[in-house]
Q: 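One structure, as structure tokens, below. Some questions next.
Computed from a prediction, not measured in an experiment: that's the story for all the values here. The chains referred to below are lettered A, B, ... by the order of the sequence lines, with proteins before strands, and numbering in each begins at 1.
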Number of protein chains: 2
Amino acid sequence: MTDATSARLADAFMHVAKRLRGRWMHQLAPLGLTPGQGRALGVIARAGDGIRMADLAGRLDIVPRSATSVVDGLEDQGLVLRRPDPGDRRSMLVTLTEAGRLLVSRIEQAQRGAAEEMFGTLEPAERDQLLAVLLRLNACGKHPGSI
Amino acid sequence: MTDATSARLADAFMHVAKRLRGRWMHQLAPLGLTPGQGRALGVIARAGDGIRMADLAGRLDIVPRSATSVVDGLEDQGLVLRRPDPGDRRSMLVTLTEAGRLLVSRIEQAQRGAAEEMFGTLEPAERDQLLAVLLRLNACGKHPGSI
DNA sequence: TATTGTTATACTCTATAACTATA
DNA sequence: TATAGTTATAGAGTATAACAATA
């Protein structure tokens, strides 16, 4: 009984996620960015004075190799730049360029637009409730491989 | 204010979706299936006497081309078979083989397992509430491209 | 002409393994 | 030896366009 509800939950959940991702893609496409790049640019912007690749990967919950691809794409468009960490020359610090800084607000606007398209029909109380549940789900059990 | 909540909602939502997908992949991997294949096998099983490629794609909310890849994978493993629709020779009817039938219950068990790992910590009332909200979100605004 | 499914192609995201350069 | 980031490679998912067979 409970199992069936969980399965239906998972199905409905992934369906919403798919649509949310699609809307986000369409919002970001005019800016020439993929969802992953948009997300990364936000993290880099919030980091302020430069963020190391490993830390960026951690914040985005992706493996370091994926962070390389994302930053490559942003760098190709002149939105970020890499410079060696003065304190540890193995590390790279990623910072926004002026062009990147100018784009951040438009990206956040696109993200909000996609989110509003998806969740705009919910009552404010429902959103708060949903957010609380999601944060709790994210808070516990961070190990996808193990139980 | 509301915008900020929606953006945080979207972020938390996609994070849960990512982890749910990861757990699902790990549950299905021992069966040699990808999440898309597992989902498709369930739809084909519920269709009973054969489902057309276009209908399968519609149920999975993917483009017909993607359905071809999914069914290819299942057919390679001998879990489904294609036969021409007697009523319209342009169409293909996809049905389960005996091997596919035997696997369905294990797949559903894996899906429930992943869902339980993710949503098991929620109270029953919370699950019902969450499910209701998700179904409502999926019910309205089915057009990702347009507004 | 329109529809069904396919081949061909491409891009995003993800992941593992091996390599380079530092530490 | 250990770590940071990269190159190399691979597979899943998605999408569009062009094509063949059929309606």
Q: Look only at the side chain of A/S91 and the backbone of A/D85, and say whether a donor-acceptor pair between them is shorter than 3.5 Å.
A: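 Checking the backbone N and O of A/D85 against the side chain of A/S91, no donor-acceptor pair under 3.5 Å is found.
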
Q: What is the nucleic acid contact for A/R39, judged by heavy atoms within less than 4.0 Å: base, sugar-phosphate only, or nothing?
A: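 A/R39: no heavy atom of the nucleic acid under 4.0 Å.
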
Q: May I ask you to check whether B/R127 and A/S6 show a side-chain donor-acceptor distance below 3.5 Å?
A: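 A donor-acceptor contact under 3.5 Å links the two side chains.
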
Q: Below the 4.0 Å mark, does C/dT6 have OP1 or OP2 next to a side-chain nitrogen or oxygen of B/R82?
A: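 It does, given that an N or O in the side chain of B/R82 lies less than 4.0 Å from OP1 or OP2 of C/dT6.
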
Q: Return the value, rounded to whole Å, for the distance between atom CG of A/D72 and atom P of C/dC13.
A: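 That distance rounds to 13 Å.
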
Q: Below 30° counts as parallel, above 60° as perpendicular, anything between as tilted: where do the rings of A/F13 and B/F13 land?
A: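 Parallel.
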
Q: What is the separation between atom CG on A/D85 and atom C1' on D/dG5, rounded to the nearest whole Å?
A: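 Answer to the nearest Å: 13 Å.
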
Q: Which listed nucleotide (C/dT4, C/dT9, D/dA8) is nearest to the side chain of A/R65?
A: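 Selected nucleotide: D/dA8.
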
Q: Answer yes or no: does a side-chain N or O of A/T68 lie under 4.0 Å from OP1 or OP2 of D/dG5?
A: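 No.
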
Q: With no hydrogens and no angle check, is any side-chain donor or acceptor of B/R19 less than 3.5 Å from a backbone partner on A/L137?
A: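 It does hold such a pair.
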
Q: Could you state the CE-P distance from B/M14 to C/dT12, rounded to the nearest angstrom?
A: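 Atom CE in B/M14 sits about 16 Å away from atom P in C/dT12.
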
Q: Check every strand shown and say whether B/S91 touches a base, only sugar-phosphate, or nothing at a heavy-atom separation below 4.0 Å.
A: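 Counting heavy atoms under 4.0 Å across all strands, the contact made by B/S91 is with sugar-phosphate only.
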
Q: Can you tell me the distance, in whole Å, between the CG atom of B/D55 and the P atom of C/dT4?
A: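 That distance rounds to 9 Å.
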
Q: Please report, rounded to the nearest Å, how far the P atom of D/dG5 is from the CZ atom of A/R83.
A: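 So the CZ-P distance, A/R83 to D/dG5, works out to 13 Å.
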
Q: Need one value for B/R52: base, sugar-phosphate or nothing, where a base atom within 4.0 Å counts as base even if backbone is also close, heavy atoms only.
A: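 Sugar-phosphate contact only.
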
Q: Please determine if a side-chain N or O atom of A/K18 lies less than 4.0 Å away from the OP1 or OP2 oxygen of D/dG13.
A: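 No.
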
Q: Using the side-chain heavy atoms of B/M53, tell me which of these nucleotides is nearest: C/dG5, D/dT16, C/dA2.
A: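 The listed nucleotide nearest to B/M53's side chain is C/dG5.
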
Q: Select from A/D88 and A/L60 the residue whose nearest nucleotide in DNA chain C is closer to the 5' end of that strand.
A: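 The 5'-side residue here is A/L60.
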
Q: Treating A/E126 as the side-chain partner and A/E123 as the backbone partner, does any N or O pair qualify as donor plus acceptor under 3.5 Å?
A: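 Yes, the answer is positive, given that a donor and an acceptor are paired below the 3.5 Å cut-off.
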
Q: Starting at the 5' end of DNA chain C and moving along, which residue's nearest nucleotide shows up first, A/R89 or A/R21?
A: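 Closest to the 5' end, via its nearest nucleotide, is A/R21.
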
Q: Which of these nucleotides, C/dT4, C/dA15, D/dG5, is closest to any side-chain atom of B/R90?
A: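 Output: C/dT4.
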
Q: Nearest whole angstrom, please: distance from the C1' of C/dC11 to the CG of A/D76.
A: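 From A/D76 CG to C/dC11 C1': 14 Å.
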
Q: Counting side-chain heavy atoms from CB outward, which of D/dG13, C/dT4, D/dG5 is closest to B/P35?
A: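 Of D/dG13, C/dT4, D/dG5, D/dG13 is nearest to the side chain of B/P35.
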
Q: Would you please confirm or rule out a distance under 4.0 Å between OP1 or OP2 of D/dG13 and any side-chain N or O of B/S66?
A: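 So the side chain of B/S66 is outside the cut-off, no N or O lying under 4.0 Å from OP1 or OP2 of D/dG13.
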
Q: Restricting to non-hydrogen atoms, name the atom on B/L28 and the atom on B/G38 that form the minimum distance, rounded to 0.1 Å.
A: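 Looking at all heavy atoms of both residues, the shortest contact is CD1-CA, 4.3 Å.
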
Q: Give the rounded distance in Å between these two atoms: CE of B/M25 and C1' of D/dG11.
A: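 In whole Å, D/dG11 C1' and B/M25 CE are 9 Å from each other.
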
Q: Over how many whole Å does the gap from B/I62 atom CD1 to D/dA12 atom P extend?
A: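 Result: 14 Å.
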
Q: Base, sugar-phosphate or nothing for B/T34? Non-hydrogen atoms, less than 4.0 Å.
A: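 The residue B/T34 makes sugar-phosphate contact but no base contact.
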
